[in-house]
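Comments concern the structure below.
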Amino acid sequence: MTLALYNTLTRRVEPFTPLAAPPARVTLYTCGPTVWNYAHIGNFRTFLFEDLLRRYLAYSGYDVFHIMNLTDVDDRTIKAAAAAGKRLDEHTAPFVQAFFEDRDYLRIAPAHVYPRATQSVPAMVRLVERLLERGIAYKGDDGSIYFAIAKFPTYGRLSRLETRELKVGARVASDEYAKDDPRDFALWKKAEPIDEQVGAAWDAPFGRGRPGWHLECSAMSLEQIGKCCHAETLDIHAGGVDLIFPHHEDEIAQSEAATSKPFARFWVHGEFLNVRGTKMSKRFGNFLTARDLRDQGVDAAAVRLLFWQTHYRKALDFTDDALAAAGAGVKRLGEFYERLGRDGGRGTGDGDGGGAGGGGGRLADLAAKFEADFRAALDDDLNAPRACAALFEFVHNGNAALDGGAGGTAAARAVLDRAMSVLDILPSAKAADPALERWIGERLAARDKARKSKDFKEADRVRAELAAKGVEIEDTPSGTKWRLV
RNA sequence: GGCGCCGUAGCCAAGUGGUAAGGCAGAGGUCUGCAAAACCUCUAUUCGUCGGUUCGAUUCCGACCGGCGCCUCCA
């Protein structure tokens, strides 16, 4: 079995066959955040889907080179900086920082490089020059540089909007008359006063200005894969569905017109996160940021599981109920994982279990089945919901096997660890400070004493006291366990 | 108007031309001093509606109803 992915270019699920077998290098470019503000969890749904893709490629043995850009100059960043009376980099710096914090909170594996638009201007200027030399770009009447769609016959191949017409009543851009063809898009925008004001203008042979939105991704991805792999074609380019048009369509046009090579072999797009049926968006004000969740004490593992339980190409409605349900699932998974470690002191793979459910190695067998199902599911266009179903089936059957005294826990735990390298949904450990821990120890001892003398009233009172502080307890044959909730 | 997606149990959500995964919630039971956790059992004759193709459709086709997305700078 090998990985197959839905390729937006062909609208089909196709086997993912890189130029060489694992451990071959795979180049993955994902469109990152525009750092004009905090990213919301809708944005992060896409980044999490890309995290799943990247981790599963690694799990499958590939040497992934993951590039994620940071858009730190565009209309919104400039407007926001001007509104705040700041320079562009002054305005974006905290949001870049916040993005990395949110990324870490959500356990998203860091990309290998985070090229920034403002730091890649030379590469962008070179790309524009190449297009000018080839006669595909031209200077408009307003002094901006445009890409001539007419010179790129396959324009529209990705989005299939080649025959599009402007929607009735759609607004007409102010630069409409500066372009040869209304469909042409800006590569380089002539510097305006507001750009100068915030420091978002650069000199170029074709005029002082700033990059158009699409240009950065073409320039930076080509620059990065040139450096790392001497290539001009990406293995995979990913993003949200809303980027298909015009962003990715335009990236293809710019890149391929310049290199005459396919820009990316696979285009994969993640669906939206919705709120009550409508896409989460800053514009609609129906958004929630990652830090909102973090501040509410939401375990990132629950967010991840919630997202994994819906296929990445299907819209997902975000609700508190769904998040809570995922939280319960995460907790159960954590219990099982802990139990494997605890009961696994003796299990080595061929077990000692003599109970009803378990012969030797029963858990190892279950783990092997789980791993096969897990892979088959993710190989099938990253069917994470199915992978999660396999996981919980394993939890269920594994618990039953443990109840029956089965062995093989070390093997089972190893399999689970491998799966977690992809899903990463074990509950976050909540650390207690030493003082609290000491107090818990005292209380537990008191309760134990009460229980031994059959003073259950007192024992229950202590349990309630602990619960009031968020300490949940569980009596087990090997003593009372506690955890913070 | 153009292109496209979605509609499966109380909630969330996989799925296949051959008879409905998984999660959460709920009910009963085992275990426990009681709990908790775990386990066992149960919870969709049915997959928006109506037609069609087929031996057979939730799965293919058509129409309709409902929800949503993109159509120039939104992940």
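This is a predicted model, so every value here is computed, not measured. Just so we're on the same page: letters track the sequence lines, and every chain starts at 1.
Closest to the side chain of A:Ala459, out of B:rC74, B:rC73, B:rG33, is B:rG33. Among the nucleotides B:rA14, B:rA75, B:rC34, the one closest to any side-chain atom of A:Lys314 is B:rA14. Of the candidates B:rA75, B:rA38, B:rA14, the closest approach to any side-chain atom of A:Leu273 belongs to B:rA75. For A:Asp75, whose side chain is taken as the heavy atoms from C-beta onward, the closest listed nucleotide among B:rG15, B:rC70, B:rC73 is B:rC73. Closest to the side chain of A:Ala389, out of B:rC39, B:rC74, B:rA21, is B:rA21. Across B:rG33, B:rA25, B:rC70, the shortest atom-to-atom separation from the side chain of A:Lys279 is found for B:rC70. The side chain of A:Asp460 sits closest to B:rC34 out of B:rA13, B:rG22, B:rC34. Closest approach to the A:His40 side chain among B:rA75, B:rC39, B:rA36 is made by B:rA75 (side chain taken as heavy atoms from C-beta onward). Checked against B:rA36, B:rC73, B:rA75, the side chain of A:Glu474 finds its nearest nucleotide in B:rA36. Looking at the side chain of A:Phe185, the nearest of the listed nucleotides B:rG33, B:rU72, B:rA37 is B:rU72.
Phosphate contact (OP1/OP2 of B:rC24, side-chain N/O of A:Arg332, threshold under 4.0 Å): present. At least one side-chain nitrogen or oxygen of A:Arg76 sits closer than 4.0 Å to the OP1 or OP2 atom of B:rA75. One finds a side-chain N or O of A:His396 lying less than 4.0 angstrom from the OP1 or OP2 phosphate oxygen of B:rC40. Between A:Arg386 and B:rG15 there is no side-chain N or O to OP1 or OP2 distance below 4.0 Å.
Within 4.0 Å of A:Gly42, counting heavy atoms only, lies at least one base atom of the nucleic acid. Counting non-hydrogen atoms under 4.0 angstrom, A:Phe336 reaches nothing in the nucleic acid. Within 4.0 Å of A:Asn383, counting heavy atoms only, lie sugar-phosphate atoms of the nucleic acid but no base atom. Nucleic acid contact class of A:Arg283 (heavy atoms, under 4.0 Å, all strands): base.
Judged by atom type and distance alone, A:Asp74 does not reach the base of B:rC74 through any side-chain donor-acceptor pair under 3.5 Å. If you check distances only, the side chain of A:Arg463 never reaches the base of B:rA36 with a donor-acceptor pair under 3.5 Å.
Here the separation of B:rC6 from B:rG15, taken at their P atoms, is 11 Å to the nearest Å. Between B:rC11 and B:rU16, the distance separating the two P atoms is 23 Å to the nearest Å.
A cation-pi arrangement, defined by a distance under 6.0 Å to the six-membered ring centre and an angle within 45 degrees of its axis, is absent between A:Arg332 and A:Phe392. Relative to the six-membered ring of A:Tyr6, A:Arg12 misses at least one condition, a distance below 6.0 Å or an angle of at most 45° to the axis.
One atom, CZ of A:Arg313, and another, C1' of B:rG15, lie 14 Å apart when rounded to the nearest Å.
An aromatic stack links A:Phe456 and the base of B:rG33, using centre distance under 5.5 Å and interplanar angle under 30°.
Between A:Asp299 and A:Arg107, at least one side-chain N (NZ, or NE/NH1/NH2) sits under 4.0 Å from a carboxylate O, which counts as a salt bridge.
In summary, the side chains of A:Asp475 and A:Thr480 do present a donor paired with an acceptor at a separation below 3.5 Å, with no hydrogens or angles considered. Counted by atom type alone, A:Tyr38 and A:Asp292 present zero donor-acceptor pairs between their side chains at under 3.5 Å.
Of the listed residues (A:Thr71, A:Thr92, A:Val73), just one forms a side chain to side chain contact (heavy atoms under 4.5 Å, CB included) with A:Arg116, and that residue is A:Thr92.
Between A:Phe284 and A:Arg447, it is A:Arg447 whose nearest contact on RNA chain B lies nearer the 5' terminus.
Taking both residues in full, the closest heavy atoms of A:Phe263 and A:His237 are given as CE2-ND1, 3.7 Å, listed atom of the first, atom of the second, then distance.
For NZ of A:Lys151, the number of neighbouring non-hydrogen atoms (other residues, nucleotides, ligands) closer than 6.0 Å is 12 at most.
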_5'-to-3' dot-bracket of RNA chain B (Watson-Crick, G-U; under 3.5 angstrom; crossing pairs as [ ]; | other strand)_ = (((((((..(((.....[...))).(((((.......))))).....(((((..]....))))))))))))....

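The main-chain N or O of A:Met220 is never found under 3.5 Å from a side-chain atom of A:Asn69 such that the two would form a donor-acceptor pair.
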